[in-house]
Amino acid sequence: DSASVELSAQRKQGLSEDEVDDLIHDFAYRTTSIGRAAIESMDPRRRFEGFAAEFPELVEASLEVLAFLGKRRSMAAIDSLFRHATLLQENGRDGRPLQPSVLVDKLEQSGCIYWNNGWIISKGGERVVTEQEISRTGKERRKEK
């Protein structure tokens, strides 16, 4: 109800369906352990980790594109980034230059970016960038010691 008190069967007793509907202010769901595992597997951070493990050669380019997508961009703008940055020098597994559309597709599949009248980084993608920066900073400090 509006006071965040669960509408138990006892509270609903004697009320019509319309009266019960009038009491409902919001819904709450309980997640099972299977549901929590599914949610965890869909987390962009976890999906990016899988992508990075499979394609370690694309991590640097991915992070650069994610940073670039802090504001909405067209595919043409991403193509331009590839032409003017070191990303074009990154090679795919077949030795050919990395195609922007391939990387955009991988980042979308990981949940790090999405299309909304242009490509833009998701909240999960922002967390990936932050965690990668923290991880790198820690590694650099360990190297210095």
Side-chain angles (χ1 to χ4, degrees), residues 1-9 11-12 17-145:
D1 67 10
S2 61
S4 296
V5 176
E6 186 175 339
L7 296 175
S8 65
R11 285 189 63 202
K12 295 177 191 176
E17 189 175 326
D18 285 340
E19 290 170 322
V20 171
D21 283 346
D22 289 342
L23 287 176
I24 295 173
H25 182 265
D26 210 347
F27 291 91
Y29 298 94
R30 287 189 176 92
T31 306
T32 64
S33 60
I34 294 170
R36 283 188 296 278
I39 290 168
E40 199 172 293
S41 73
M42 297 302 291
D43 185 313
R45 292 176 295 177
R46 173 137 319 162
R47 290 161 59 190
F48 185 83
E49 288 171 3
F51 161 72
E54 186 176 353
F55 301 99
E57 69 277 10
L58 300 182
V59 171
E60 291 301 319
S62 298
L63 294 173
E64 193 166 335
V65 169
L66 288 172
F68 183 66
L69 295 178
K71 72 177 202 176
R72 195 169 279 112
R73 308 282 186 161
S74 67
M75 193 64 211
I78 297 170
D79 282 334
S80 180
L81 172 70
F82 270 67
R83 270 189 243 101
H84 294 89
T86 60
L87 299 179
L88 192 58
Q89 298 167 9
E90 299 282 339
N91 290 324
R93 293 205 167 151
D94 59 4
R96 293 185 292 178
L98 176 62
Q99 296 300 310
S101 59
V102 171
L103 188 56
V104 166
D105 184 54
K106 298 284 186 200
L107 291 173
E108 181 185 27
Q109 288 174 13
S110 73
C112 289
I113 65 172
Y114 63 97
W115 176 263
N116 183 2
N117 294 320
W119 291 106
I120 192 160
I121 192 170
S122 68
K123 295 289 184 199
E126 290 172 354
R127 287 191 304 271
V128 165
V129 170
T130 299
E131 288 177 5
Q132 290 290 318
E133 288 172 354
I134 290 169
S135 174
R136 285 186 184 162
T137 302
K139 287 177 186 175
E140 289 171 6
R141 285 185 185 149
R142 283 191 294 271
K143 285 180 185 178
E144 290 173 0
K145 290 182 178 181

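Fair warning: this is a prediction, and the values are worked out from it, not measured in the lab. Throughout, residue positions are numbered sequentially from 1 according to the sequence presented.
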(message) Please enumerate all residues that pass ring-ring contact (aromatic ring centres under 6.0 Å, His included) together with Phe51, with sequence neighbours excluded.
(response) Phe48, Phe55
(message) Are the side chains of Ile121 and Val129 in contact, using a 4.5 Å heavy-atom criterion?
(response) yes
(message) With heavy-atom distances below 4.5 Å as the criterion, would you say the side chains of Lys12 and Leu23 are in contact?
(response) no
(request) Verify, without hydrogens or angle tests, whether Arg73 (side chain) and Trp119 (backbone) share a donor-acceptor contact under 3.5 angstrom. (result) no
(request) Return yes if some donor-acceptor pair links the side-chain N/O of Thr130 with the main-chain N/O of Glu126 below 3.5 Å, else return no. (result) yes
Euclidean distance, [Y] [atom2] relative to [X] [atom1], rounded to 0.5 Å:
X      : Y      : atom1 : atom2 : answer
Asp79  : Ser74  : CG    : OG    : 8.0 Å
Asn116 : Ser122 : CG    : OG    : 12.0 Å
Cys112 : Lys123 : SG    : NZ    : 14.0 Å
Ser110 : Met42  : OG    : CE    : 10.5 Å

(message) Could you go through Gln132 and Leu66, starting from their C-alpha distance and side-chain angles, then the distance that decides it, and tell me whether this counts as side-chain contact (heavy atoms from CB on, under 4.5 Å)?
(response) CA-CA 11 Å; Gln132 290 290 318; Leu66 288 172; over 6 Å; no
Return the minimal non-hydrogen interatomic distance between [X] and [Y], and the atom names on each side.
X      : Y      : result
Glu108 : Arg47  : O-NH2, 4.3 Å
Pro44  : Arg127 : CD-NH2, 4.4 Å
Leu81  : Glu64  : CD1-OE2, 4.2 Å

Is it the case that over 12 heavy atoms from other parts of the model lie below 6.0 angstrom from the [atom1] atom of [X]?
X     : atom1 : answer
Ile34 : CD1   : no
Glu17 : CD    : no
Met75 : CE    : yes

(request) Would you sort out whether Leu103 and Phe82 count as a side-chain contact (heavy atoms from CB on, under 4.5 Å), showing the intermediate values? (result) CA-CA 11 Å; Leu103 188 56; Phe82 270 67; 3.8 Å; yes
(request) Walk me through it: do Glu133 and Leu63 pass the test side-chain contact (heavy atoms from CB on, under 4.5 Å)? (result) CA-CA 9 Å; Glu133 288 172 354; Leu63 294 173; over 6 Å; no
